[in-house]
Amino acid sequence: MCELFGITANRKIKLNNLLKRFFEHSIEHRNGWGLAMLDDNSISIEKEPVKASDSLYLKNRLTGRLETARCMAHIRRATVGEVSFSNTHPFTKRDESGRTWVLVHNGTIFESPILSAYQYKQHGTTDSERILLYLVDHINKHYFNEMNTFDANDRIRIVDQLIKRIVPENKVNLLIYDGDYFYVHKNEEGTLFKSEHSGSVIFSTHPLTPEGWEEVPQNQLFVYKDGELIYEGEPHEHSYVHDDEKMKYMYLEYAAI
C-alpha cells in the first residue's frame with residue numbers, strides 16, 4: 001500500500017526534516033513519489049514515477065528550505081495501475097467554479113460500480129484518480145443545480161456523502177484539499193496518525209518522530225482550516241480489514257488485463 005503525509009497550519013512551517021523521514025520509507029514504496037505545496041492562491045505539484053530515494057531531483061529539492069502552511073506528500077506502492085507519471089499522486093482536478101482539488105489516496109477500491117465509469121475519463125489507470133473525478137463531477141452537478149452558487153458547508157457535506165458511498169468493502173484513506181479546506185478520512189486501523197501542535201496538525205501513515213503522535217479516529221471525515229478542526233462527520237460502519245487473499249486476487253486480476 002501507499003503512504004500519506006499532510007500538514008495544515010495557521011503559519012508556514014519548515015518541513016525538510018519531516019519530509020526526509022517520510023520519503024525514507026520509499027524502500028517499501030518504490031513506485032513513485034509526489035509532493036504538493038498548497039500555498040495561498042498557488043498549488044505546486046512535483047512528482048516522479050520512481051523510488052523517492054533514487055530521485056536526484058527530490059534529493060536536491062529537500063536540501064533547499066521547504067516552508068508551507070499546507071502540504072501533501074505521497075509514496076506509492078502500486079496495486080492498481082502501472083508505474084507511470086499519470087498514475088503518480090497527487091492528483092488534481094479543477095471544478096466548474098475554478099476551484100482546484102488535490103487528492104492523495106492510500107488504499108484499494110475492490111468494489112465500487114459508481115467509480116467504474118470514470119475509467120474512460122481519467123488520464124491514468126488508478127482507482128485513486130477515479131475517486132477525485134467522481135468527487136469533482138458531483139461538485140459540478142451541485143454547482144449548476146444551485147445556479148452557480150453554493151457555500152463551503154455544501155462542499156463539506158458533498159465530500160462526506162460521497163466518501164460514505166465508496167467505503168463499503170474498500171480501503172479509503174484520503175487527504176484532500178479544495179483550496180480552502182483540508183479533508184482527512186481513514187477506515188483501517190493503524191494506518192494514519194496525527195501530531196498536533198499550537199495551530200498546526202501533521203498527518204502521516206506512520207509516526208515520523210518518537211513522541212507526540214496519536215491515531216486518527218477511523219470511519220469519519222474530519223475537515224480542517226489552517227490547522228483548526230472545523231467539522232467532524234458522523235461515523236460510518238465500513239472499516240476495512242486487510243485480507244491477503246483478497247489482495248492476491250486483485251493482483252492476479254490486474255495482471256490478466
Side-chain angles (χ1 to χ4, degrees), residues 1-78 81-92 100-106 123-124 126 128-129 132 173-179 182 184 191-214 216 224 226-227:
M1 291 295 179
C2 307
E3 289 195 18
L4 310 178
F5 173 91
I7 182 170
T8 172
N10 61 7
R11 65 197 183 281
K12 288 189 176 183
I13 296 173
K14 185 178 179 182
L15 295 176
N16 293 67
N17 289 336
L18 285 170
L19 286 172
K20 285 177 182 177
R21 294 189 187 112
F22 173 74
F23 285 122
E24 285 172 357
H25 298 176
S26 65
I27 189 170
E28 298 292 338
H29 303 79
R30 60 186 63 221
N31 302 128
W33 68 269
L35 175 65
M37 305 291 279
L38 309 168
D39 293 314
D40 293 332
N41 302 316
S42 175
I43 294 176
S44 171
I45 306 292
E46 302 161 272
K47 57 184 181 179
E48 292 180 297
V50 300
K51 186 166 67 170
S53 59
D54 291 343
S55 172
L56 180 60
Y57 175 87
L58 180 60
K59 181 180 179 180
N60 290 331
R61 189 74 171 90
L62 293 175
T63 61
R65 191 174 182 87
L66 288 172
E67 285 188 334
T68 185
R70 291 165 294 277
C71 171
M72 291 181 190
H74 187 275
I75 45 178
R76 184 176 183 227
R77 184 177 177 185
E82 69 274 13
V83 178
S84 67
F85 182 85
S86 60
N87 285 338
T88 305
H89 304 228
F91 297 102
T92 63
T100 298
W101 294 72
V102 184
L103 175 146
V104 291
H105 174 218
N106 167 19
H123 296 291
T126 66
S128 306
E129 185 186 4
L132 180 60
N173 290 2
L174 294 169
L175 301 180
I176 303 169
Y177 182 64
D178 71 359
F182 200 96
V184 179
T191 57
L192 191 63
F193 294 81
K194 65 179 179 178
S195 177
E196 296 190 61
H197 303 279
S198 177
S200 70
V201 190
I202 300 168
F203 301 94
S204 180
T205 298
H206 299 291
L208 299 174
T209 55
E211 298 179 347
W213 294 81
E214 62 178 303
V216 174
Y224 293 81
D226 298 334

Which pairs with one or both residues in residues 23-38 pass salt bridge (Lys or Arg N to Asp or Glu O under 4.0 Å), sequence neighbours excluded?
none

Please report the C-alpha distance between T100 and Y177 in whole Å, then the side-chain angles of each, then the deciding distance to 0.1 Å, and finally whether the side chain to side chain contact (heavy atoms under 4.5 Å, CB included) criterion is met.
CA-CA 8 Å; T100 298; Y177 182 64; over 6 Å; no

Once rounded to the nearest 0.5 Å, what's the spacing between atom OG1 of T92 and atom CH2 of W101?
13.0 Å

For I45 and P90, work out which heavy atoms get closest and say how close.
CG2-CD, 4.2 Å

Heavy-atom pair of closest approach, residues A52 and I75
CB-CG2, 4.4 Å

Is there a side-chain contact between T205 and H25, using heavy atoms and a 4.5 Å cut-off?
no

Taking salt bridge (charged side-chain N to carboxylate O under 4.0 Å, His left out) as the test, write out the residues that go with K194, two or more places apart.
E196

What is the ring orientation for W33 with Y57, classed by angle as parallel under 30°, tilted 30 to 60°, or perpendicular over 60°?
parallel

For E82, is there any backbone N or O sitting under 3.5 Å from a side-chain donor or acceptor partner on N87?
yes

Just to verify, what does S86 make a side chain to side chain donor-acceptor pair (under 3.5 Å) with, not counting sequence neighbours?
S84

How many angstroms lie between OG in S204 and CG in L4, if you round to the nearest 0.5 Å?
8.0 Å

With the side chain counted from C-beta on, respond yes when T8 and F203 share a heavy-atom pair under 4.5 Å apart, and no when they do not.
yes

Using atom types as modelled, flag every donor-acceptor pair under 3.5 Å from a side chain in residues 12-23 to any protein atom, sequence neighbours excluded.
unit_1, atom_1, unit_2, atom_2, d
N16, OD1, L66, N, 2.9
N16, ND2, L62, O, 2.8
N16, ND2, G64, O, 2.4

Of all heavy-atom pairs between F182 and G6, which one has the smallest distance, and what is that distance?
CZ-CA, 4.0 Å

Spatial distance of atom CZ (R61) from atom CG (L56) [nearest 0.5 Å]:
14.0 Å

State, yes or no, whether a side-chain contact exists between L132 and H89 at a heavy-atom distance under 4.5 Å.
no

Expected output: side-chain E129 to main-chain H123 donor-acceptor under 3.5 Å
yes

Has S195 got a side-chain atom pairing as donor or acceptor with G212's backbone, closer than 3.5 angstrom?
yes

Can you name the side chain to side chain donor-acceptor pair (under 3.5 Å) partners of T191, sequence neighbours left out?
N173

What's the separation between atom CG in D39 and atom CZ in R70, rounded to the nearest 0.5 Å?
6.5 Å

Where M37 and E46 come nearest, the two heavy atoms and their spacing
CG-OE1, 4.4 Å

Under the side chain to side chain contact (heavy atoms under 4.5 Å, CB included) criterion, do L175 and V184 qualify, and how do the steps go?
CA-CA 5 Å; L175 301 180; V184 179; 3.8 Å; yes

Give me the atom names and distance for the closest heavy-atom approach of G227 to V201.
O-CG2, 3.6 Å

Specify the closest pair of heavy atoms between M72 and L38, including all atoms of both residues, with the distance to one decimal.
CG-CD1, 4.2 Å

For the OG atom of S26 and the CD atom of E3, what is their distance to the nearest 0.5 Å?
9.5 Å

Apply salt bridge (charged side-chain N to carboxylate O under 4.0 Å, His left out) to R11 and list each qualifying residue two or more places apart in sequence or on a separate chain.
none

One pair to check against side chain to side chain contact (heavy atoms under 4.5 Å, CB included): I202 and W213. What are the steps and the verdict?
CA-CA 9 Å; I202 300 168; W213 294 81; 3.8 Å; yes

